[in-house]
Amino acid sequence: MHFWDLGDSPGGHVLIALSFIVTATLTGMWVARRAAGKAGMLLLIASGMLLTTAALHILPDAWGDAPAVGLSRWVVAGVAVLGYGVMTVFTKNGCGCDADLASQVVGAHAPGRHRKAKEVAGALSVGMGAATALTVHRVVEGSAVVLDVSAAVLLALVIGSVSDGLALATLLQETGQRLAPWAVVACASPALGVLITSISPLPAPALPIALSLVAGVILRIAWVGLRLAAKKRASGQLPRWQIVTAATTVTLSTAVMIAH
């Protein structure tokens, strides 16, 4: 059954699907805001969902689509490694940041401040990198709404949108950045994908290249999130029950993603 059947007019299925995606994204953000005091647990959940999204959804799509558009799968792998490597450069000082690091005022010549400036830059790169990569990914997801909106595809998009919203809000909060502007972008980006695909679809090779690049960036962001959570665990801010809760949540969401 295609989701088109739920629309009363041509294109109605697209609007309904987009409303589900936007609602799921905002739900993920709302959960992150409501549970802001459990930052370590949220980092584990967000990072785990990002890992499974990249490993089970984004990379396999790019890998599978490459031969059909005349690309070598080695190109897909290379672009993913490139995305990871570039993001590593920008976030190499972001793994050791404290939760309030980004809000500190960094002087120009005070002792130790240059190191803190690098850490702030690394932390900000984590949040900005996550927001940018997830935005590009959601533009691609918007294309899927036009190309194939079966019930199974919609369910996968909704689950992915919840994890996107959770990851985005958690990482932006953790690095002291404003959520509202990126919330607007995150909700509007699938509609942009719908518009682009409806007017003038991207060249076929562009899609797997974009997906693999985004996957590499997301994998690095997920790793940084896990490192931040590990530091919270070491400092006693992440109790065992939160780790179990995060692992259970990620396992269940992964099982649903695999099933569909």
Side-chain angles (χ1 to χ4, degrees), residues 1-33 46 49-50 53-54 56-59 61-62 65 69 83 127-173 177-215 217-218 221 253 256-257 260:
M1 181 188 78
H2 281 269
F3 202 64
W4 182 283
D5 299 332
L6 299 179
D8 296 328
S9 61
H13 68 301
V14 172
L15 295 177
I16 297 173
L18 286 176
S19 69
F20 272 96
I21 291 172
V22 169
T23 300
T25 303
L26 294 175
T27 299
M29 293 179 178
W30 177 82
V31 170
R33 292 296 297 269
M49 287 184 167
L50 287 175
T53 298
L56 300 179
H57 179 51
I58 304 177
L59 272 178
D61 284 353
D65 292 345
V69 298
M128 294 293 287
T132 303
L134 289 174
T135 296
V136 174
H137 175 222
R138 289 170 66 77
V139 170
V140 175
E141 286 185 337
S143 301
V145 172
V146 177
L147 300 175
D148 180 17
V149 198
S150 63
V153 170
L154 179 60
L155 179 60
L157 291 177
V158 167
I159 294 173
S161 294
V162 172
S163 66
D164 287 350
L166 180 64
L168 185 58
T170 300
L171 289 169
L172 288 176
Q173 287 174 173
Q177 299 172 73
R178 293 181 60 197
L179 174 61
W182 284 107
V184 173
V185 173
C187 291
S189 51
L192 178 61
V194 169
L195 183 63
I196 291 174
T197 305
S198 301
I199 295 176
S200 179
L202 294 172
L207 185 58
I209 290 177
L211 285 174
S212 55
L213 182 63
V214 168
V217 172
I218 287 179
I221 293 167
S253 66
V256 173
M257 190 178 298
H260 294 84

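Along the sequence shown, residues are numbered consecutively beginning with 1.
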Applied to residues 161-171, the salt bridge (charged side-chain N to carboxylate O under 4.0 Å, His left out) test, sequence neighbours excluded, yields Arg138-Asp164
How far apart are the C-alpha atoms of Thr53 and Ile218, what are their side-chain angles, what is the distance that settles it, and do they pass the side chain to side chain contact (heavy atoms under 4.5 Å, CB included) test? CA-CA 9 Å; Thr53 298; Ile218 287 179; 5.6 Å; no
Which atom of [X] lies closest to which atom of [Y], heavy atoms considered:
X: Val217; Y: Gly83; answer: CG2-O, 3.7 Å
X: Ala62; Y: Leu211; answer: CB-CB, 3.8 Å
X: Ile21; Y: Pro190; answer: CG2-CG, 4.0 Å
X: Leu59; Y: Ser212; answer: CD2-CA, 4.4 Å
X: Leu172; Y: Arg178; answer: CD1-O, 3.9 Å

Backbone N/O of Ala167 and side chain of Thr170: donor-acceptor pair under 3.5 Å: no
Taking side chain to side chain contact (heavy atoms under 4.5 Å, CB included) as the test, write out the residues that go with Ala169, two or more places apart. Met29, Ala32, Leu179
So OG of Ser161 and CG of Leu168: to nearest 0.5 Å the spacing works out to 11.5 Å
Only one of Leu18, Ile16, Val22 clears side-chain contact (heavy atoms from CB on, under 4.5 Å) with Phe20; which? Ile16
